[in-house]
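So you know, we letter chains A, B, ... as the sequences are listed, proteins then strands, and number each from 1. Just so we're clear, the structure is a prediction, and the values are computed from it rather than from any experiment.
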Amino acid sequence: MVASIGWGVVAMLVGVIIAFQLNFWEANGHVFEVITRFLNETLRLRFIPIFETDGIQYLTFGRLRPLHTNAAIFAFVGNMMFAGIYHSTQRLCNTRTYSDLLSKIHFWGWQGIIVGAAVTLTAGLTRGKEYAELIWPINIAVVVIWVVFALNFFLTLKIRREKSLYVALWFYIATIVTVAVLYIVNHLQIPTSLVHSYPIFGGVQDALVQWWYGHNAVAFFLTTPILGIMYYYLPKAANRPVYSYRLSIVHFWSLVFLYIWAGPHHLLNTALPKWLQLLGMFFSLMLWAPSWGGMINGLLTLRGAWDKIRTDPVIKFFVAAITFYGMSTFEGPLLSIRSVNSLAHYTDWIIGHVHSGTLGWNGFMAAGMFYWLAPRLWNTKLWSKNLANFHFWIGTVGILLYVASLWFAGVIQGLMLNETDPTGTRLVYEFVQTVDKIQLLMLTRAIGGTLYLTGFILLVVNIWMTARSGTPTNETREVYDDPALARDRMTWKAAFRNDPVTYTVWTLIFGIHWFFLPPGASHMALICMIGFAVMACIKFKQNTKAWSDWYDELSENYLPFTILVIVAVLIGGVVQIVPAITVNRAANVEDRLQTLYTPLELSGRDLYISEGCYNCHSQMIRMLVPDVLRYGDYSRLGESIYNHPFQWGSKRTGPDLAREGGARGDSWHYLHMLNPRSINANSRMPNYPWLFKKETDFGSLPGRIAVQQRIGVPYPIMTPEEIEQHAREQALAISTGLVDQDVRIVVGKGETQPKTKQEARDHLASKEIIALIAYLQKLGTFEETAETGGEGFDSLEFLAPQVPDANRVTVPAKPEPTEEPAELQQ
Amino acid sequence: MEVIFLTTLFSIVFAIFFLLLFLRVRQKGDSCADQDSLIPFRNENDSIEQTDPTPSNSSPKDFVPKK
């Protein structure tokens with residue numbers, strides 16, 4: 001709990017900083033020069049030296065935003081979740097946690113991971129995938145610590161002295177097993193060094209796996225464990241059992257089954273195959289029902305106790321949190337409708353949606369749980385209920401300001417970006433005009449975040465004073481150890497060979513076939529699915545008791561229960577991801593094939609990822625008229641096929657860069673990276689002065705290209721010397737062009753300014769900015785190829801999804817598609 | 001259009017199904033599963049009295065209804 005509170009302050013503080021960075025570019029480090037100059041020159045405090053800087057690389061938005069999200073999800077909510085799980089599981093199982101040693105390893109290991117994350121992310125060491133940025137050694141540490149946690153949890157279930165598993169434990173089980181599966185699959189990678197790796201998936205496959213993980217990080221890290229916590233702490237705080245235990249059964253199974261399918265709704269209107277987009281939208285809409293079922297179950301638990309809202313801050317926080325859960329789970333399906341998404345995606349509406357969930361649902365559930373726990377953990381009374389009430393109100397106002405301003409900002413920006421003249425062939429607004437338009441709203445958002453942080457600091461004071469006023473509880477309980485306690489004795493046959501499992505499985509099998517089989521066969525599958533569903537209802541009606549007894553027995557057996565949970569969550573992932581990653585690459589090309597990056601361009605791409613450019617710039621032109629008018633022809637699958645990781649992005653704080661290559665000259669990019677205000681006075685983008693001083697790491701390129709070859713990028717065979725020479729020659733060519741245009745040469749402290757053009761060329765050619773320019777100029781280059789389904793897919797044609805996206809078919813197939821590796825192109 | 005229609009239809013049907021299930025389970029509360037909802041309250045030994053879920057040193061003024 002203490003760790004969660006501490007990291008919560010860090011996460012929210014960084015969040016407030018980056019919110020101000022979106023308003024004032026100076027907040028990316030230059031603010032220190034402004035402050036020290038003011039103190040030194042205006043206030044004449046001469047003993048304070050002026051800290052001259054155009055920007056600090058460790059404090060840019062691109063590096064701090066991943067720190068904020070990781071700290072909020074894994075440090076704040078993660079530690080809160082662990083606290084809730086450890087505390088409630090012991091009480092629900094009527095036993096002590098299996099191993100104190102495992103608990104300590106878990107706790108300190110997790111804190112070590114968080115510290116490692118904070119250091120590496122600010123240092124620019126990232127994998128470039130949202131919420132999965134941490135480098136591979138930390139990934140391994142996460143897996144090890146998660147296994148320790150799982151072991152401790154399941155062994156505690158094994159030694160429990162309570163026959164039935166309470167509903168909160170089901171949600172904990174789902175969290176532990178699903179996060180393990182998601183994390184491992186999305187972090188499959190091959191290292192190139194101790195701090196760098198490339199994911200094995202690329203392009204659309206990586207996009208699909210990433211958002212299967214990313215969406216379910218929300219589902220199974222920010223939702224299911226917190227629902228478990230709700231099912232334990234809300235009844236305790238309200239002093240009455242949950243409204244409907246049976247509803248919680250329906251809530252649990254439908255939620256864990258449906259959630260896993262919804263990932264593709266993060267990729268609507270992109271190059272992702274349409275059948276996957278529709279599947280994501282379809283299941284997102286269905287998610288509304290179980291989500292609201294859970295919300296209703298939570299709120300109605302307060303039946304007859306609503307008066308406590310007036311006096312008890314814990315109930316206040318819980319009720320507001322559950323209400324925010326309901327609001328954000330209503331908004332989520334709404335945003336998953338393709339037409340709504342075409343307006344909202346890439347805008348601040350999505351950020352507002354996310355924060356109504358994290359600040360409202362997660363943050364307020366955490367506050368309620370902490371206020372409930374603190375007096376019990378320190379055997380005292382809460383220091384100040386009034387302060388807790390004030391926290392509630394300042395937090396609520398903060399959330400409303402934050403979320404409402406981003407709703408408005410998102411809708412305004414979406415409408416402006418999509419607006420065309422009456423002919424429908426010309427855009428009305430420049431991108432930067434939309435950024436100017438929402439400036440006041442972005443400031444309101446930062447103020448809302450500051451209010452929320454202030455409230456949370458009040459919680460820190462309150463909990464600190466509460467702890468000081470009491471002594472830590474060393475609780476001992478007498479428990480009745482019944483040797484005849486019949487639990488975990490269900491046979492496998494009884495668990496899996498029965499009517500409920502059989503009818504559910506067959507209904508699902510035919511449902512999946514309905515989606516995948518060609519017309520005619522799919523209609524048969526639909527009929528069979530409906531038939532099995534009807535038969536299930538009839539059987540249930542005829543023998544309700546047998547079905548009920550089976551579930552009662554299942555909830556007394558943690559292993560079969562866990563296996564069924566794994567099956568329920570795996571179905572969605574398997575159906576969506578396996579076809580996409582096993583299909584021949586040629587089927588993921590459409591009519592264009594990305595040209596390979598040269599070694600220097602690959603180096604520039606790694607810098608682009610390291611600086612977190614993907615946090616503000618997408619590389620995906622959707623098949624929407626305004627997108628095409630603004631950025632060029634819509635993106636094809638094949639244009640990002642060699643991108644490990646993919647860089648489609650999820651937010652456009654700046655414009656899309658998918659076709660940036662060749663759109664502007666090298667000197668434009670040079671000046672823009674040095675000072676974006678020199679190109680556009682209203683730009684919020686940070687300066688990147690260090691890119692003009694740091695050397696490109698040519699030596700690591702052979703190793704990186706070797707790994708690219710291993711993961712399937714068809715680089716021609718080159719010796720390490722050839723790779724390095726190729727990179728240096730290209731860098732020299734770019735720097736020669738820049739020097740010929742008399743660009744300003746930036747030198748580090750202690751370095752002398754180059755005297756001749758030759759010196760300037762040599763100086764510039766080794767700098768990171770040249771690699772980055774090479775990469776930016778490569779974006780959007782491709783070679784025409786045939787439209788083909790690919791051999792692998794042809795042989796499995798009967799499995800091809802039958803929801804074609806006819807509008808995307810553009811080029812007729814050529815008789816013999818080439819499969820030879822593309823040559824390097826300069 | 002067909003897909004959007006089917007998606008919407010399915011979502012509505014699912015929501016209705018869910019609602020019916022919800023109403024049904026509320027009507028028949030005789031399963032032993034309902035007893036499980038009391039598990040958090042078994043072996044109750046919280047050091048704080050349950051009548052005051054959030055005991056505090058400072059409390060808001062007692063509510064006095066207007067006459």
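- With values rounded to the nearest 0.5 angstrom, A:E162 atom CD is found 7.5 Å from B:D36 atom CG.
- Taken to the nearest 0.5 Å, the CZ atom of A:R91 stands 15.5 Å off from the CD1 atom of B:I39.
- A:L373 is linked by a side-chain contact (heavy atoms from CB on, under 4.5 Å) to A:M1, A:H87, A:Y233, A:M369, A:L377, counting only residues two or more places apart in sequence or in another chain.
- Of the atoms belonging to A:S164, heavy atoms from both backbone and side chain fall under 4.5 Å from chain B.
- In this structure, the separation between OH on A:Y243 and OG on B:S37 is 13.0 Å, given to the nearest 0.5 Å.
- The environment of CH2 in A:W393 is sparse: at most 12 heavy-atom neighbours from other residues, nucleotides or ligands sit within 6.0 Å.
- The shortest side-chain heavy-atom distance between A:K236 and B:F41 falls under the 4.5 Å cut-off.
- For A:Y231, the side chain to side chain donor-acceptor pair (under 3.5 Å) partners at least two apart in sequence or on another chain are A:H251, A:N297.
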